[in-house]
Amino acid sequence: MSKQSKYQADEKGMYGRFGGAYIPEMLYPNIENLKKVYKEIIDSPAFQQEYKALLKDYVGRPSPLYLAKRLSDKYQTNVYLKREDLNHTGAHKINNTVGQILIAKHMGKQRIIAETGAGQHGVATATACALMGLQCVVYMGEVDIKRQAPNVARMKMLGAEVKAATSGSKTLKDATNEALRDWICNPEDTFYLIGSVVGPHPYPDMVARLQAVISEEIKLQISEKTSKDYPDYVIACVGGGSNAAGSFYHFLDDEKVKLVAVEASGMGVDSGETAATIALGDMGIIHGSKTFLMQSEDGQITEPYSISAGLDYPGIGPQHAHLFDTGRAQFLSATDKEALDAALQLTQLEGIIPALESAHALAALNKMQFQKDEAVVITLSGRGDKDMATYMERFGF
Ligand SMILES: *Cc1c(COP(=O)(O)O)cnc(C)c1O
């Protein structure tokens, strides 16, 4: 990746007119400290060696790039699935948490804090903390704690302390506030582990670098499997945008590769029950970063809705906002219904039950046109075990 890429963050963490670090003054020292060291740590041989070894032997990488033959027949093209669902813990999130834990360790931090909505990032964080023997505190809205009992139990079994956020709507944004308050109070020993390409600089860039292993592998694998060394399309779902950012990373400056991001539109973009941030297109500041977000007339962040917990986020990472702005990536959206249909189709054509999040990316196949000889890579961000209750209810199994 060339340093001058117009799609990467500049020194201030700006992607075009998006990004930056809009944070309370009390957080400056923590953010400045992280900003100073993160690139040096990631690029160091010691980090790279340990990170690569854990990705291989603990996470189970490289994840396969699988040519889905029956799905390809149906769409008259070549559909390859990047199998992040086969990672340890069943999704791409572990690439990031293992990486950030190692960065925390290099910084001499003893205590990890995180916030979680549905609990998937909390579980991935608690997993990495157990692996490294670090103290783990996960903030979670009181409402989400009740809704996501199995993930709360997983975190506890992994040794994490789950703290309830009891203010506001008692969901993700309230948990975020609590985590930030904790970090302000404990700047010395505590590392704040963010789960997607969101938050103040340097988080979006740091998380993208850690997820970039996805596109690094795709590039190699596609050249082994086809006569070209690039795919024609890379398609991924976007909540905050980390699996998409990792899937796009090494292709950003190769404009032959068409990048497609799929948001969750819930009951429909204009239904009021949606998480299609880009489609709604309002700009503002969320989680310390200037980007597109969902807000009311008077600028209050509104509750998003999607059937898939991982896409149920009212913002989007600043790099994606910039990729939309510049036209480098195409943004589509899929409704709950379209995602459910796509999940069932993949299951019955390929014997793979996808996460509901990933099913949104699969739904893009019905919205696009491909040539017979093209290579279409879809990132299967996670497996569907966690969504079985929803599938049972919606399909009546
Ligand atoms: C959390 C999650 C997502 C959404 O997060 P991104 O940061 O947008 O990748 C997508 N898929 C799965 C399986 C998830 O767990």
Side-chain angles (χ1 to χ4, degrees), residues 63 81-97 99-100 114-125 127 144 148 150-151 154 172 193-199 203-215 234-249 259-264 275-278 287 289 291-292 304 306-321 323 329 331 333-334 339 342-343 346 352-364 378-388 390:
S63 66
L81 303 176
K82 181 58 175 161
R83 300 289 309 273
E84 295 301 298
D85 61 314
L86 295 177
N87 293 341
H88 176 47
T89 68
H92 67 292
K93 287 196 170 69
I94 192 86
N95 303 327
N96 171 49
T97 56
Q100 282 194 58
E115 87 265 346
T116 195
Q120 289 153 240
H121 172 56
V123 170
T125 303
T127 300
D144 290 332
Q148 308 290 344
N151 277 341
R154 285 186 186 103
L172 180 62
L193 204 162
I194 294 184
S196 189
V197 284
V198 299
Y203 282 98
D205 184 50
M206 179 167 70
V207 175
R209 283 168 191 257
L210 296 172
Q211 292 289 2
V213 63
I214 300 175
S215 50
V234 178
I235 305 174
C237 66
V238 230
S242 68
N243 87 89
S247 302
F248 296 168
Y249 197 93
L259 308 175
V260 181
V262 188
E263 301 188 291
T277 316
I278 290 269
H287 217 146
S289 173
T291 186
F292 286 114
S306 163
I307 194 171
S308 87
L311 303 185
D312 200 348
Y313 179 71
I316 186 166
Q319 185 178 40
H320 291 297
L323 294 178
F331 282 74
S333 67
L346 182 74
I352 298 171
I353 302 180
L356 265 166
E357 291 84 0
S358 322
H360 287 73
L362 294 162
I378 302 179
T379 298
L380 207 66
S381 55
R383 65 179 180 226
D385 303 44
K386 68 180 177 57
D387 297 313
M388 279 318 295
T390 307

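This is a predicted model, so every value here is computed, not measured. Just follow the structure's listing: the first ligand is 1, and inside any ligand the first atom is 1.
Near G239, with a cut-off below 4.0 Å to any heavy atom, the atoms of ligand 1 are 8 (O). Listed by number with element, the atoms of ligand 1 under 4.0 Å from a non-hydrogen atom of G382 are 13 (C). Of all atoms in ligand 1, listed by their number and element, those nearer than 4.0 Å to a heavy atom of C237 are 10 (C). Remark: ligand 1 atoms within the under-4.0 Å shell around heavy atoms of S196 are 6 (P), 7 (O).
Remark: R383 CZ to T89 OG1 distance equals 7.0 Å, nearest 0.5 Å. Once rounded to the nearest 0.5 Å, the distance linking CD1 of I316 with CD1 of I278 reads 4.0 Å. Atoms CD and CZ, from E263 and F331 in turn, are 6.5 Å apart once rounded to the nearest 0.5 Å.
When only interatomic distances are considered, the shortest N/O to N/O separation between E357 and ligand 1 does not fall below 3.5 Å. Among the atoms of K386, none of the N or O lies under 3.5 angstrom from an N or O of ligand 1. Inclusion of G195 in the set of residues having an N or O under 3.5 Å from an N or O of ligand 1 is not warranted. In terms of N/O distances under 3.5 Å, ligand 1 is approached by G240. Checked against a 3.5 angstrom limit, the closest N/O atoms of G241 and ligand 1 fall inside it.
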Review point. Are L81 and L346 close enough, and set up right, to give a side-chain contact (heavy atoms from CB on, under 4.5 Å), and what steps lead you there?
Key: CA-CA 11 Å; L81 303 176; L346 182 74; 3.9 Å; yes
Practice item. Please test L362 against L380 for side-chain contact (heavy atoms from CB on, under 4.5 Å), starting from the C-alpha separation and ending with a verdict. Key: CA-CA 8 Å; L362 294 162; L380 207 66; 4.0 Å; yes
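Of the heavy atoms in H92, only side-chain atoms (C-beta onward) come closer than 4.0 Å to ligand 1. Only the backbone of V238 comes within 4.0 Å of ligand 1, counting heavy atoms alone; no side-chain atom from C-beta on gets that close.
Here the protein heavy atom with the shortest distance to atom 6 (P) of ligand 1 is S242 N, 3.3 Å. With respect to atom 14 (C) of ligand 1, the closest heavy atom belonging to the protein is K93 NZ, 2.8 Å. Regarding atom 4 (C) of ligand 1, its nearest protein heavy-atom neighbour is G310 O, 3.3 Å.
Judged purely by distance below 3.5 Å, without hydrogens or angles, the side chains of S381 and S358 pair a donor atom with an acceptor atom. Between the side chains of N95 and E84, at least one donor N or O sits under 3.5 Å from an acceptor N or O.
When the heavy atoms of G384, S308, S381, S358 are ranked by distance to atom 12 (C) of ligand 1, first place goes to S381.
Ring geometry, H287 versus Y313: the interplanar angle falls from 30° to 60°, so the pair is classed tilted.
For I353, the CD1 atom counts as loosely surrounded, since its 6.0 Å shell holds 12 or fewer non-hydrogen atoms of other residues, nucleotides or ligands.
The one candidate from K93, H121, H92 that meets the side-chain contact (heavy atoms from CB on, under 4.5 Å) condition with S242 is H92.
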